[in-house]
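Note sheet for the following structure.
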Amino acid sequence: MKFGARCAVAMESDAEGCANGLRNDPVSPPIVSQEPFFLGTKCSSRKMFDLSQYQIDVKNVFRNASPATLYEEALRYEKQATLSDTGALIAYSGDKTGRSPKDKRIVEHPESTDDVWWGSVNIGLHENAFCVNRERAIDYLNTRQRLYVLDAFAGWDPKYRIKVRVICARPYHALFMHNMLIRPTREELADFGDPDCVIINAGAFPANRYTTGMTSKTSVDLSLERREVVILGTQYAGEMKKAVFTLMNYLMPRSNVLPMHCSATSDTQTGTSSVLFGLSGTGKTTLSADPKRELIGDDEHCWTDDGVFNIEGGCYAKAIYLTRDAEPQIFDALRYGAVLENVVYDQADHHVDFDNASITENTRGAYPIEYIPNAKIPCTAEHPTDVIFLTCDAFGVLPPVSKLTPEQAEYHFISGYTAKVAGTEVGVTEPEATFSPCFGGPFLVWHPGKYAELLSKRITQHKANVWLINTGWSGGAYGEGSRMKLSYTRAILDAIHSGGLKTAATEKEPCFGLEVVTKCPGVPDEMLLPRNTWSDPAAYDATAAKLAELFHKNFVTYADGVSPAVRAAGPLLHQTAVG
Ligand SMILES: Nc1ncnc2c1ncn2[C@@H]1O[C@H](COP(=O)(O)OP(=O)(O)OP(=O)(O)O)[C@@H](O)[C@H]1O
Ligand SMILES: O=C([O-])CC(=O)C(=O)O
Ligand SMILES: [Ca+2]
Ligand SMILES: [Mn+2]
């Protein structure tokens, strides 16, 4: 894949100095680190890493510093940084503890404007406002004593990978991206050349609300032409990884490749994969940590003519209520090298209280993918045999598992349903339906139809089975029932992966028209038909009808762009009343 190179940079390798066993020149004062990853050698160069092409002139620039160096930097220079009792770096993101989708902007440019699905997801920004924000970010970075540069890759398939450069002021951000991107070898770093994408992270500094197009002090701006991301007014680290994902969501479909907000695992024998789509909190990361399978990745993948590849080099797991019993692989990955974001810990022994949501519900841990024992490196796999849609239905009406027809698959992919539970956001007192197209609305650049078409084509071509799994409520809506037991969801996945569920008994459910699996090893029969789990079946019917109506209302926007068969694949109830 070829990208327009805009800026030439002299990137000098320190390999020679190390090979000669040269010590640092004692007279040159700047501390410059270009340590390679995982090589176990301390190899620093006195050559300044030059950021002048970005008009950045800061004395101490660390390029691809080792985790140990970044730990040192964080502990010295970040106010609240500390170590957990398992050796993870604990860091705090400040006011923003989650992504800010309303503050995301895409530069309007004649070259890409016809490609972009403009609206509430992709809000346009004038090129001039982008330049103002970019300059503001650079001015801020120039006030710093120390900066961190990370050059690394996104995309495990060499045919599609892009070179990403992160420039940031916080060691925690550098370590986060070191974990989340694909770490280059020493040779790859020496030959890195010009990056395909640059993230300029000045998140500690606010946007100016009077800059055209700004509605708050936070702004995450992407220029598809410059291949640059500017971050102001948010230090939540997840913005950086999802900015890369957004860029991939633009680039990949141009090469007939489908980017997916999903996790992926592969069969240890056959190498075939299964992908789990789902919005935030539905279980992608949790369920992909599966000792019976190989882990390809937990959040961002692409489906090409050759199979699937992970975009990332690490995982970013929700840490709230994490226990070693329920999720041992993830729990054990939160050790030396991992970043633990916004967690509360005991001041005396630095033991992390995973049940404490006083800073945020969205506590997170970021670790390199090889911290999961059964990760497959390189993170690529054969075509999926199974495509799974995860939904966390807080209404408690969707069945634990149903088998979708190709038309239902397209309908549910475009709908992207999940539900928020009451209590986590102010003002949410009952389950709130969320529809996010392609289970990743905030990251789409093209119209959802483009991704839906690519998915349908690949599903048909590879005869993949499509399943809808409810990881949310059972026995009643939020407040009445309870969250689906993780062991049941895992048993369902095991049955899918063993091939057994393909031939399992099913029953057509009348409200959503779903073919519900009624027998699954490891799951009590009565759990599989949700109506049976409610104490009041009439209340179930009423809630199901309400949800069906929400599906119809949401689908109105997309109805014109799909075939009549797909339009008819939604919930059966109230179809005429609303749609
Ligand atoms: N039956 C279940 N299936 C999956 N997860 C469950 C289940 N019951 C409870 N959970 C919890 O729900 C959360 C799922 O979060 P997870 O990190 O897997 O989300 P995700 O889909 O990866 O989201 P994101 O895109 O934000 O990273 C975890 O905290 C997990 O412990
Ligand atoms: O992006 C984040 O901050 C976490 C995540 O995976 C998501 O929200 O989908
Ligand atoms: Ca995740
Ligand atoms: Mn995600």
Side-chain angles (χ1 to χ4, degrees), residues 245 258-268 271-303 307-312 314-318 326-327 329-330 369 372 374-376 379-393 398-404 408-409 412-413 415-418 434 436-441 443 451-452 455 458-459 462 464-472 483-499 501-502 517 520 523:
F245 187 48
L258 171 68
M260 309 179 285
H261 188 211
C262 72
S263 61
T265 62
S266 76
D267 186 287
T268 49
T272 57
S273 59
S274 115
V275 291
L276 287 85
F277 284 90
L279 284 164
S280 189
T282 53
K284 293 184 299 297
T285 301
T286 294
L287 298 167
S288 63
D290 177 347
K292 295 179 285 308
R293 298 183 55 88
E294 288 183 315
L295 175 66
I296 306 301
D298 80 321
D299 198 56
E300 307 171 2
H301 293 81
C302 287
W303 192 346
V308 297
F309 71 81
N310 187 356
I311 293 174
E312 301 181 286
C315 303
Y316 192 30
K318 275 187 176 289
E327 302 181 53
Q329 294 86 3
I330 293 174
I369 191 155
I372 298 290
N374 54 328
K376 180 181 173 283
C379 303
T380 59
E382 303 288 310
H383 294 288
T385 51
D386 295 276
V387 170
I388 297 159
F389 299 154
L390 302 174
T391 178
C392 177
D393 175 26
L398 291 181
V401 56
S402 9
K403 194 168 190 317
L404 302 186
Q408 286 174 328
H412 283 275
F413 186 63
S415 297
Y417 164 70
T418 195
T434 308
S436 183
C438 313
F439 297 99
F443 325 117
Y451 305 96
L455 182 69
R458 297 214 180 267
I459 285 173
H462 299 287
N465 310 296
V466 186
W467 310 89
L468 180 66
I469 291 184
N470 177 10
T471 64
R483 182 105 190 238
M484 199 74 66
K485 275 198 182 148
L486 193 46
S487 58
Y488 293 163
T489 306
R490 288 205 165 120
I492 290 168
L493 281 175
D494 289 349
I496 289 174
H497 292 146
S498 73
L501 225 58
K502 251 193 302 194
V517 174
C520 176
V523 187

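In this chain, residues are counted from 1 in sequence order. Bear in mind the structure is a predicted one, so any value in this text is a computation, not a measurement.
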field: Polar side-chain atom of D267 near backbone of T272 as donor-acceptor pair, under 3.5 Å
entry: no

message: Quick one, I469 and L287 - any side-chain contact, counting heavy atoms below 4.5 Å?
response: no

- line: Between R458 and W303 the two heavy atoms that sit nearest each other are NE-O, 3.2 Å

- prompt: Say you draw a straight line from CG of N374 to CD of Q329; how long is it, rounded to the nearest 0.5 Å?
  reply: 6.5 Å

message: For S263, is there any backbone N or O sitting under 3.5 Å from a side-chain donor or acceptor partner on D298?
response: no

- prompt: Any idea which heavy atoms bring I296 and N310 closest together, and the distance?
  reply: O-ND2, 2.9 Å

- line: Between W467 and V401, the two heavy atoms sitting closest are CE3-CG2, 4.0 Å

task: Working to the nearest 0.5 Å, report the span between NZ of K284 and SG of C315.
output: 12.0 Å

Minimal non-hydrogen separation, T282 against C392, with atom names: CG2-N, 3.8 Å

- line: Scanning both residues in full, the closest heavy-atom pair of T391 with Y417 reads OG1-O, 2.7 Å

query: Would you call the rings of F389 and F439 parallel, tilted or perpendicular, where under 30° means parallel and over 60° means perpendicular?
result: tilted

task: For T434, enumerate each residue passing the side chain to side chain contact (heavy atoms under 4.5 Å, CB included) test, keeping only those at least two apart in sequence or located in another chain.
output: T418, K420

message: Between I388 and V275, is the side-chain contact (heavy atoms from CB on, under 4.5 Å) condition met? List the steps.
response: CA-CA 6 Å; I388 297 159; V275 291; over 6 Å; no

field: Residue pair S274 / H497, side-chain donor-acceptor N/O under 3.5 Å
entry: yes

- prompt: Under 3.5 Å, is there a donor-acceptor pair linking the side chains of H261 and D299?
  reply: yes

task: Answer yes or no: is there a donor N or O on one side and an acceptor on the other, between the side chain of N470 and the main chain of L398, under 3.5 Å?
output: yes

message: Keeping S266 on the side-chain end and S273 on the backbone end, is there a donor-acceptor pair under 3.5 Å?
response: no

- prompt: Can you check whether E300 reaches C262 side chain to side chain, under 4.5 Å on heavy atoms?
  reply: no

query: Partners of T286 by side chain to side chain contact (heavy atoms under 4.5 Å, CB included), sequence neighbours excluded?
result: E327, L486, R490

- request: Ignoring hydrogens and angles, tell me if any N or O in the side chain of R293 forms a donor-acceptor pair with the backbone of T268 under 3.5 Å.
  value: no

task: Would you name the heavy atoms of V466 and I459 that are closest together and state the gap between them?
output: CG2-CD1, 3.7 Å

- request: Can you measure from NE2 (H301) to OG1 (T380) and round to the nearest 0.5 angstrom?
  value: 10.0 Å

- line: For K292, the salt bridge (Lys or Arg N to Asp or Glu O under 4.0 Å) test, sequence neighbours excluded, returns D290, D494

- prompt: Distance from F309 atom CZ to C302 atom SG, nearest 0.5 Å?
  reply: 3.5 Å

- request: Could you go through the side-chain contact (heavy atoms from CB on, under 4.5 Å) check for L468 and Q408 one step at a time?
  value: CA-CA 10 Å; L468 180 66; Q408 286 174 328; over 6 Å; no

message: Run the side-chain contact (heavy atoms from CB on, under 4.5 Å) test on I369 and C379 for me, step by step, so that the C-alpha distance in whole Å, both residues' side-chain angles and the decisive distance to 0.1 Å come before the verdict.
response: CA-CA 9 Å; I369 191 155; C379 303; 3.9 Å; yes

field: Steps toward side-chain contact (heavy atoms from CB on, under 4.5 Å) verdict (L501, C520)
entry: CA-CA 7 Å; L501 225 58; C520 176; 3.9 Å; yes

- prompt: Tell me, do F277 and L455 make a side-chain contact under 4.5 Å, heavy atoms counted?
  reply: yes

task: Give a yes or no on whether the backbone of A381 and the side-chain of K376 come within a donor-acceptor separation of less than 3.5 Å.
output: no

